[in-house]
Novice: 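Sharing a structure below in structure tokens format, with a few things to ask.
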Protein chains: 2
Amino acid sequence: MSSLRDFRARHDLSMEALCARILDRHASTIRIKKPAVAIGNLARIVETTLMLANRKGFQSTSLRDLTEQSGLSMGALYAYFDSKDTLLMMILGQVVSVVEEVLGHPPEALATDPAGRLRWLLRTHLFLTETMHPWFVFAYMEAKSFPKDGRDLAVGSEMMTEGMIADALADGVSRGLFAVPDVTMTAALIKPMLQDWYVKRSKHRRRGITPDLYAEQLIAFVEAAVGLKRAG
Amino acid sequence: MSSLRDFRARHDLSMEALCARILDRHASTIRIKKPAVAIGNLARIVETTLMLANRKGFQSTSLRDLTEQSGLSMGALYAYFDSKDTLLMMILGQVVSVVEEVLGHPPEALATDPAGRLRWLLRTHLFLTETMHPWFVFAYMEAKSFPKDGRDLAVGSEMMTEGMIADALADGVSRGLFAVPDVTMTAALIKPMLQDWYVKRSKHRRRGITPDLYAEQLIAFVEAAVGLKRAG
DNA sequence: ATACAAAGCGAACGCTCGCTCTCTTTTTTT
DNA sequence: AAAAAAAGAGAGCGAGCGTTCGCTTTGTAT
């Protein structure tokens with residue numbers, strides 16, 4: 001059974017790796033020529049933005065706050081984005097892209113094992129959001145104030161992961177493994193429990209719940225709810 | 001079995017009734033002498049604030065937006081609150097107070113019926129948030145940018161309702177009705193499914209899910225998860 | 001050492017913000 | 001009808017916003 005350690009060994013989600021991909025995606029906007037410099041400073045910018053935005057909201061975070069905390073000047077910041085909204089879209093776009101990449105490819109071995117695939121989805125979702133915690137809080141909390149394309153992107157991403165859960169459920173039902181009256185509705189009920197891990201993470205941590213523990217308990221809860229008989 | 005109609009017949013949660021109580025609580029700040037005038041204008045102010053804040057966030061809603069949409073002048077607004085933060089606290093305080101009042105008093109008949117009390121809690125929570133939908137979205141989405149006392153109030157309220165769920169679960173476990181490994185954790189998993197109704201309400205509505213339907217399916221899901229055998 | 005591009009800097013701009021204050025209008029009282 | 005009290009109006013204030021731009025510093029190739 002896979003753990004958070006295993007997950008992190010399989011995926012490089014370090015700040016540098018993530019910012020390298022942001023640089024790729026926004027090469028036309030970013031005016032810095034040397035990739036090493038660009039990635040290093042992007043890392044400082046994104047890290048500071050996530051910290052400040054998660055503390056008091058992106059709208060309320062001023063670019064002057066950002067210059068003070070990041071150590072970069074106003075002019076330097078605008079070499080990396082052409083507007084505050086672009087900065088927001090850089091972060092959001094990276095979150096959406098990683099979700100698609102990580103959750104979109106379940107192990108082939110689970111292709112005919114809906115219960116295993118459901119477990120894998122829940123566990124992987126939790127480990128991903130744990131590893132990129134500030135990114136996901138940012139995407140979730142700022143979603144409603146995104147420019148329209150950003151909102152569509154976020155909603156689309158959410159619908160995609162919900163759809164993956166629904167597919168696993170439907171597969172399980174058709175194999176007689178699960179007893180679920182309405183797979184769409186059930187998937188819609190499972191999603192917020194996944195999101196709660198990162199939205200209210202400090203509460204769970206205060207109670208001593210680790211990601212592995214949360215995964216285990218959530219899986220037990222969901223499997224009971226969908227009528228799966230558990231081994232042992 | 002109680003429905004949304006029944007719920008609304010039992011509780012007066014009209015804008016006027018809610019604003020009358022805001023007036024009571026903030027009588028010292030509000031400079032308007034005649035209650036009828038004060039309540040009427042408070043209703044316009046709160047209604048407009050909720051609409052604008054839920055559309056683009058409270059921070060991004062300017063007082064000039066508020067004057068335009070409400071039809072009241074800047075000077076008039078400041079006869080009702082002494083700062084934008086006070087306006088926020090008026091709304092939040094009313095939400096918290098109503099939650100305590102409505103959820104804090106389950107029917108006496110359910111005192112020895114944990115399964116019934118759990119059903120009542122879920123249903124009542126859903127009906128309450130449905131009836132005061134914009135208020136709850138506001139409290140939930142703006143929570144992180146509240147001044148500290150506001151955040152504490154919101155967190156306290158959430159912990160209270162989670163505690164009620166946990167109590168019902170613990171009662172059920174001690175009577176041998178539920179099979180739950182950890183009541184606190186289980187309550188923490190149930191809460192976000194309740195909140196999802198109002199946070200993602202438009203998604204559910206698009207799918208044709210009514211509050212009564214959501215209540216029914218959520219209850220079925222939870223009862224299966226906690227191991228309750230259902231009649232029929 | 002020189003030349004040139006890359007990167008970084010921060011004062012200044014136009015604008016909007018929350019909030020105040022004086023003045024006018026409406027309502028109530030006499 | 002006059003006077004007093006209550007309520008509303010909206011121009012104006014200083015502060016702070018996102019963004020720009022002319023300039024300096026740093027790094028590199030000759």
Novice: What pairs of residues pass the salt bridge (Lys or Arg N to Asp or Glu O under 4.0 Å) test when at least one of them lies in residues 56-66 of chain B, not counting sequence neighbours?
Specialist: B:Lys56-B:Asp65
Novice: Not counting sequence neighbours, list each pair that qualifies as a salt bridge (Lys or Arg N to Asp or Glu O under 4.0 Å) and has a residue in residues 85-105 of chain A.
Specialist: A:Arg21-A:Glu101
Novice: Identify, with sequence neighbours excluded, every residue that meets side-chain hydrogen bond (donor to acceptor under 3.5 Å, both in side chains) alongside B:Asp212.
Specialist: none
Novice: Enumerate donor-acceptor pairs with a distance under 3.5 Å from any side-chain N or O in residues 22-35 of chain A to protein atoms, sequence neighbours excluded.
Specialist:
residue	atom	partner	partner atom	Å
A:Arg25	NH2	A:Gln94	OE1	2.4
A:His26	ND1	A:Ile22	O	3.4
A:Arg31	NH1	A:Tyr78	O	3.1

Novice: Looking at CZ of A:Arg123 and CG of A:Leu4, how far apart are the two atoms once the value is rounded to the nearest 0.5 Å?
Specialist: 11.0 Å
Novice: Between the protein and nucleotides 8-11 of chain D, are there any N/O to N/O pairs under 3.5 Å, and if so, what are the atom names and distances?
Specialist:
residue	atom	partner	partner atom	Å
D:dG8	OP1	B:Asn41	ND2	2.7
D:dG8	OP2	B:Tyr80	OH	3.3
D:dA9	OP2	B:Ser73	N	2.9
D:dA9	OP2	B:Ser73	OG	3.4
D:dA9	N7	B:Ser73	OG	3.4
D:dG10	N7	B:Gly75	N	3.4
D:dG10	O6	B:Gly75	N	2.9

Novice: Any idea how B:His125 and B:Phe136 line up, ring-wise: parallel (<30°), tilted (30 to 60°), or perpendicular (>60°)?
Specialist: tilted
Novice: Please enumerate all residues that pass side-chain hydrogen bond (donor to acceptor under 3.5 Å, both in side chains) together with B:Arg44, with sequence neighbours excluded.
Specialist: B:Asn41
Novice: Scan for salt bridge (Lys or Arg N to Asp or Glu O under 4.0 Å) pairs involving residues 184-203 of chain A, sequence neighbours excluded, and state none if there are none.
Specialist: A:Glu130-A:Arg201, A:Asp196-A:Lys200, A:Lys200-B:Glu158, A:Lys203-B:Glu158, A:Lys203-B:Glu162
Novice: Just to verify, what does B:Glu47 make a salt bridge (charged side-chain N to carboxylate O under 4.0 Å, His left out) with, not counting sequence neighbours?
Specialist: none
Novice: Please check: side-chain N/O of A:Lys84 versus main-chain N/O of A:Gln59, any donor-acceptor pairing under 3.5 Å?
Specialist: yes
Novice: For nucleotides 23-30 of chain D, just jot down a letter per nucleotide in 5' to 3' order: B, S or -, based on protein non-hydrogen atoms under 4.0 Å.
Specialist: ----S---
Novice: Donor-acceptor pair, B:Ser157 side chain versus B:Ala154 backbone, under 3.5 Å?
Specialist: no
Novice: Quick one: side-chain hydrogen bond (donor to acceptor under 3.5 Å, both in side chains) partners of B:Glu68, sequence neighbours excluded?
Specialist: none
Novice: Does any residue of residues 143-153 of chain A have a heavy atom under 4.0 Å from DNA chain D, and if so, which ones, in number order?
Specialist: none
Novice: Give the residues of residues 59-69 of chain B touching DNA chain C, defined as any heavy atom closer than 4.0 Å, sorted by residue number.
Specialist: B:Thr61, B:Ser62, B:Leu63, B:Arg64
